[in-house]
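Please read these numbers as outputs of a predicted model, since none were measured by experiment.
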Amino acid sequence: MVHLHKSLESEASKAAEREGRSLDQFVTEAVEEKLRHAQRSAAQRHVTPIRDRGAPLDEDAVERA
C-alpha cells in the first residue's frame, strides 16, 4: 500500500511539473474534476421503480409481521 501511494505521488508530481503547477494544485483540481463527474453521473442516472410481479402473498408471514 505504501509503495502504491509513493508511486502515485511520484506520477502526480511529474504531471503537475509538466503542467507548471504545484502538486497541491494538481491534486485539488483532480479531486474537483472527479467530484463534478460523479455529480453529473448521479444526475443522469435513470432510476427504474421496482414493480410488483404478482407473487402470491404468504398470509402467515403477514400475520407474524
Side-chain angles (χ1 to χ4, degrees):
M1 183 70 153
V2 173
H3 175 71
L4 177 60
H5 182 270
K6 292 291 183 188
S7 177
L8 289 172
E9 185 176 7
S10 175
E11 289 300 315
S13 286
K14 290 175 189 173
E17 188 177 320
R18 281 192 305 267
E19 296 181 15
R21 293 182 282 164
S22 72
L23 180 58
D24 286 339
Q25 288 173 320
F26 182 81
V27 170
T28 299
E29 289 175 12
V31 169
E32 289 172 350
E33 177 61 29
K34 180 70 174 171
L35 289 173
R36 279 192 299 274
H37 179 72
Q39 289 170 348
R40 228 180 354 237
S41 293
Q44 294 174 351
R45 198 172 297 138
H46 177 72
V47 178
T48 303
I50 297 173
R51 293 193 177 94
D52 181 8
R53 302 228 186 252
L57 182 63
D58 181 0
E59 295 296 330
D60 293 333
V62 172
E63 290 175 14
R64 286 188 299 250

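Side chain of Gln39 to main chain of Arg36: no donor-acceptor pair is present (N/O by atom type, distance under 3.5 Å, no hydrogens or angles).
Closest of all the heavy-atom pairs between Ser22 and Ala16 is O-CB, 3.8 Å.
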Assess the residue pair Leu23 and Glu9 against the criterion (side chain to side chain contact (heavy atoms under 4.5 Å, CB included)); give the C-alpha distance rounded to whole Å, side-chain angles, the decisive distance to 0.1 Å, and a yes or no. CA-CA 9 Å; Leu23 180 58; Glu9 185 176 7; 4.2 Å; yes
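Using a 4.5 Å heavy-atom cutoff, the side chains of Ser10 and Lys14 are in contact.
Atom CD of Glu11 sits about 9.5 Å away from atom CZ of Phe26, to the nearest 0.5 Å.
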Name every donor-acceptor pair, under 3.5 Å, that has one atom in a side chain of residues 1-8 and the other anywhere in the protein, sequence neighbours excluded.
none

